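Before any comments, here is the structure.
Bear in mind that the values here come from a model prediction, so they are computed numbers and not experimental data. Residue numbering restarts at 1 for every chain, and letters A, B, ... go by the order of the sequence lines.
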Amino acid sequence: MLLIDLARTSAAVAADSARLAKIRHLAELLGRVGPDEAEIAIAYLSGELPQRQIGVGWRSLSDLPEPRQIATATLGQVDALLERIKAQTGTGSQAARRELLGQLFGAVTRQEQSFLHRLLTGELRQGALDGVMIEAIARAADVPSAEVRRALTLRGSLPAVGAAALRGGVAELKAFHLEVGRAVAPMLAQSAASVTAALEKAGAPAAVEWKLDGVRVQAHRSGDDVAVFTRTLDDITGQVPELVEAVLGLPGTDLVLDGEVLALRPDGRPEPFQVTSGRVASRTGVASLRETVPLTVFFFDALRVGGADLLDLPDQERHAALETAVPAGLITPRLVTADAEEAEAFFGDAVRRGHEGVVVKSLGTPYAAGRRGAGWIKVKPRHTLDLVVLAAEWGSGRRRGWLSNLHLGAYDPETGGFVMLGKTFKGLTDELLTWQTEQFLRIAESPADGPADGPAGNPGDGHVVTLTPTLVVEIAFDGVQRSSRYPGGMALRFARVLRYRPDKRPEEADTVATVRAIML
DNA sequence: TTCCGACAGTGGGGTCGCAAT
DNA sequence: ATTGCGACCCCACTATCGGAA
């Protein structure tokens, strides 16, 4: 199959807003693809690469050669070139990689270049990723989509699952099972504003567990072999020796456990997320790092214990199995209750101890891997501040033509100026985007003209509009982190817009001192 | 007919490892 | 030694479609 076939299908998918139409386009193409190119087609059309990462981003994709007029590149050829590009990573040869990229882009037409560019930067933007592709595979292979979904959960790779479905239908899909050593798509949580609201959604009684601010881990043990995976199924076994040892210390030898790893201070309180994140990401000097920044693991779910797969069991039974396999000290603190007051108190205690909040879990739900089912609902405390809009950036995609991303500042009474604390684009409705764009253009200092029309993904120049600091906006956020990027040495974590405060003048906004007090 | 679950898009801060400067 | 880039850790929120109620 030719790459142009995929580029055309992708364009058709993008052009139709109806999901059923997108599914039809994708299924039609999957019906035509040969067995040896099915995985490539599924990967590309769901926005992934079979190689996963190849060390190419938006920067490497500048200065590309002129396109050809005639489309001849096959999926196999493109895949082979990407494989060679990946092979260049870590060899110190950026030049060789650029040469190969030039070869690739020089061999395809303009439409294919555009498709490849978006694919390689992870911005396919055709309104279809895994969720739509699952339905398309189901339709093309004439199997129930639930079977595709189940297989994806257990295998973690949609191209592999899709190719199997197209090849062997339901029979081949049913052959996928939980394999120790192969990561399962982790179950995700929805969120709620309060524990009481979460309890209502989950149905009482429910389990309430501490939400720890660390890195999600899935630990597999088969005999004396242990492997540890992250949320995106990356293997981090070598970076977390404490966790490996903890799992090897368990009596069971056939285990798959779900949990969170984090750095604790000697007094037992959690380190800031930045510390945990840096430690987990470090691949060098782990032996000495574990002395200075030791990691602790807490498990909260069990997917396999003693040779039995538990995915389809209700939460309560999986947790019972977890308790038989793991000592209490390694299990995330948990309370089962129907009493909202008791649950709220548990939440308050977790937060006072420095943790992120709680996750409320419905006792009856199976391990719904890879979906944000209503089985798990997270609750976190929320801070708010009134801050001043210092600048705004022109949006992209569906936000093109709107001033979207806000630069936020706190008031500094000593200088009469404002100290930038970060940016946000979250919480804005289309109506608010329209309103603020109009307002901003009235108080714009530079440049006041339209959106920069340069090549996409070129941050930092031309698309920032500086504003006279007059508008006050109420911002919600999860916390204040240390920052080397912003002048005040602080940045907001997960900032989002709640509402504008036309009743407040900029000098009445929250001050730098207030923000610093939250950080400490 | 209305409601609501699931998805995709639109970006946020921080850290590490590597290659180029 | 410093800087830029790619990848990945954490993520919130709105609009939309289409099946459920």
Side-chain angles (χ1 to χ4, degrees), chain A residues 14 16-23 46-47 52-61 88-95 97 120-135 149 188-191 212-217 230-234 236 239 260-262 272-285 356 368 370-374 378 380 382 393 395-400 402 404-408 421-433 457 459-460 476-486 490-498:
Chain A
D16 265 313
S17 66
R19 277 209 276 275
L20 294 177
K22 293 178 191 287
I23 291 166
S46 55
R52 243 189 125 159
Q53 2 81 338
I54 60 169
V56 171
W58 64 273
R59 192 62 233 253
S60 322
L61 294 172
Q88 294 295 325
T89 56
T91 62
S93 177
Q94 191 72 21
R97 196 152 67 201
L120 294 182
T121 53
E123 299 180 327
L124 205 50
R125 290 181 161 92
Q126 59 179 14
L129 294 170
D130 275 13
V132 173
M133 182 56 87
I134 285 169
E135 300 296 329
R149 203 173 280 281
L188 306 174
Q190 296 183 344
S191 53
L212 302 167
D213 195 7
V215 172
R216 181 81 175 267
V217 284
T230 65
R231 197 162 91 79
T232 52
L233 315 188
D234 279 326
I236 54 163
Q239 289 139 255
E260 189 92 0
V261 70
L262 78 168
F273 174 73
Q274 285 157 301
V275 174
T276 292
S277 166
R279 166 58 217 277
V280 172
S282 293
R283 276 165 289 180
T284 58
E356 212 184 351
R371 311 193 85 176
R372 285 193 193 276
K378 59 183 163 186
K380 299 191 276 186
R382 194 188 73 172
E393 298 176 16
S396 64
R398 77 178 295 285
R399 291 201 176 181
R400 189 173 189 73
W402 277 322
S404 167
N405 199 3
L406 310 181
H407 295 199
L408 304 167
L421 293 171
K423 309 181 192 177
T424 185
F425 57 92
K426 295 172 184 166
L428 298 164
T429 60
D430 288 0
E431 192 186 353
L432 204 49
L433 282 162
F477 60 101
D478 278 22
V480 181
Q481 340 174 60
R482 290 186 190 286
S483 169
S484 56
R485 172 182 315 215
Y486 291 110
M490 308 180 284
L492 302 182
R493 191 169 183 208
F494 310 143
R496 59 265 191 193
V497 172
L498 291 181

Would you check if the side chain of A/Arg19 reaches a backbone N or O of A/Gly127 as a donor-acceptor pair within less than 3.5 Å? no
Rounded to whole angstroms, how far apart are CG on A/Leu61 and C1' on C/dG6? 11 Å
In whole angstrom, give the distance that lies between atom CD of A/Gln481 and atom P of B/dT15. 8 Å
In terms of side-chain heavy atoms of A/Leu129, which of B/dC16, B/dG9, C/dA12 is nearest? B/dG9
Select one nucleotide: of B/dA20, B/dG17, B/dG12, the one nearest the side-chain heavy atoms of A/Gln94. B/dA20
Are A/Gln190 and B/dA6 close enough that a side-chain N or O sits under 4.0 Å from OP1 or OP2? yes
A/Leu129: what forms a side chain to side chain contact (heavy atoms under 4.5 Å, CB included) with it, not counting sequence neighbours? none
Kindly say if A/Arg485 contacts the phosphate of B/dG14, meaning a side-chain N or O under 4.0 Å from OP1 or OP2. yes
Look at the side chain of A/Gln481 and the backbone N and O of A/Ala491, then say whether any donor-acceptor pair between them is shorter than 3.5 Å. no
Toward the 5' end of DNA chain B, by each residue's nearest nucleotide, A/Gly127 or A/Arg482: A/Gly127
Using a heavy-atom cut-off of under 4.0 Å over every strand shown, decide if A/Ala128 touches base, sugar-phosphate, or nothing. sugar-phosphate
Categorize A/Ala491 for me: base, sugar-phosphate, or nothing, with a 4.0 angstrom heavy-atom threshold over every strand shown. sugar-phosphate
Can you sort out the partners of A/Asp16 under side chain to side chain contact (heavy atoms under 4.5 Å, CB included), two or more places apart, ordered by chain and number? A/Ala21, A/His25
Looking at B/dT15, I'd like to know if its phosphate oxygens (OP1 or OP2) sit under 4.0 Å from a side-chain N or O belonging to A/Gln274. yes
A/Trp402 vs A/Asp430 side-chain heavy atoms within contact, under 4.5 Å: yes
C/dC5 phosphate, OP1 or OP2, under 4.0 Å from A/Arg59 side-chain N/O: yes
A/Leu120 CG - C/dC5 C1' separation (whole Å): 15 Å
Taking five pairs at each terminus, the helix from B/dA8-C/dT14 to B/dT21-C/dA1 shows an axis bend, to 10°, of 20°
Quick check with a 6.0 Å cut-off and a 45 degree axis cone: is A/Arg382 positioned over the face of A/Phe477's six-membered ring? no
Quick check on C/dC5: is either OP1 or OP2 less than 4.0 Å from any side-chain nitrogen or oxygen of A/Ser60? no
What nucleic acid atoms does A/Thr429 come within less than 4.0 Å of, heavy atoms only: base, sugar-phosphate, or nothing? sugar-phosphate
Is there a donor-acceptor contact under 3.5 Å from the side chain of A/Glu260 to the main chain of A/Gly214? yes
Measure from NZ on A/Lys22 to P on B/dA8 and round the result to the nearest Å. 10 Å
Between the main-chain N or O of A/Gly278 and the side-chain N or O of A/Ser282, is there a donor-acceptor pair closer than 3.5 Å? yes
Do any N or O atoms from the side chain of A/Arg399 and from the backbone of A/Phe425 form a donor-acceptor pair under 3.5 angstrom? yes
Value in whole Å for how far the C1' atom of C/dA12 lies from CZ of A/Arg399: 11 Å
At under 4.0 Å between heavy atoms, what does A/Val497 touch on the DNA or RNA strands: base, sugar-phosphate, or nothing? nothing
For A/Ser483, answer base if it contacts any base atom (sugar-phosphate contacts may also be present), sugar-phosphate if it contacts only those atoms, and nothing otherwise; contact means non-hydrogen atoms under 4.0 Å. sugar-phosphate
Sub-3.5 Å donor-acceptor pair from the side chain of A/Thr230 to the main-chain atoms of A/Asp234, do we have one? yes
Measure CG/A/Asp430 against C1'/C/dC13 and give the value in whole Å, please. 12 Å
A/Gln126 CD to B/dC7 P, straight-line distance once rounded to whole Å: 16 Å
Of the options B/dG17, C/dA15, B/dG11, whose atoms approach the side-chain atoms of A/Phe425 most closely? B/dG11
Using the closest heavy atom to pick a nucleotide of DNA chain C for each, name whichever of A/Arg97 or A/Arg496 lands nearer the 5' end. A/Arg97
Can you find a pair of side-chain heavy atoms, one from A/Leu262 and one from A/Val215, that are under 4.5 Å apart? no
Side-chain N,O (A/Thr284) to OP1/OP2 (B/dG17) below 4.0 Å: yes
Using OP1 and OP2 only, check whether a side-chain N or O of A/Asn405 sits under 4.0 Å from B/dT10. no
Is any side-chain nitrogen or oxygen of A/Trp58 closer than 4.0 Å to OP1 or OP2 of C/dC5? no
Sorted by chain and number, sequence neighbours left out, side chain to side chain donor-acceptor pair (under 3.5 Å) with A/Lys426 holds for none
Over all strands shown, is A/Leu421 touching base, sugar-phosphate only, or nothing at heavy-atom distances under 4.0 angstrom? nothing
Between A/Gln274 (side chain only) and A/Arg482 (backbone N and O only), is there a donor and an acceptor less than 3.5 Å apart? yes
Distance check: side-chain N/O of A/Arg149 vs OP1/OP2 of B/dC7, anything under 4.0 Å? yes
Would you kindly give the CD-to-P distance between A/Glu135 and B/dG5, to the nearest whole Å? 18 Å
Does any N or O in the side chain of A/Gln126 come within less than 3.5 Å of the main-chain N or O of A/Ala128, such that one atom is a donor and the other an acceptor? yes
According to a strict under-4.0 Å criterion, is A/Arg125 in side-chain N/O contact with OP1 or OP2 of B/dT10? yes
Check: protein-nucleotides 18-21 of chain C nitrogen or oxygen pairs below 3.5 Å:
unit_1, atom_1, unit_2, atom_2, d
C/dG18, OP1, A/Arg19, N, 3.0
C/dG18, OP1, A/Leu20, N, 2.8

Short heteroatom pairs, N/O only, protein and nucleotides 8-11 of chain C, under 3.5 Å:
unit_1, atom_1, unit_2, atom_2, d
C/dC8, OP1, A/Gln53, NE2, 3.1
C/dC9, OP1, A/Thr230, OG1, 2.5
C/dC9, OP1, A/Thr232, OG1, 3.2
C/dC9, OP2, A/Thr232, OG1, 2.4
C/dC10, OP1, A/Arg216, N, 2.9
C/dC11, OP1, A/Lys211, NZ, 2.8

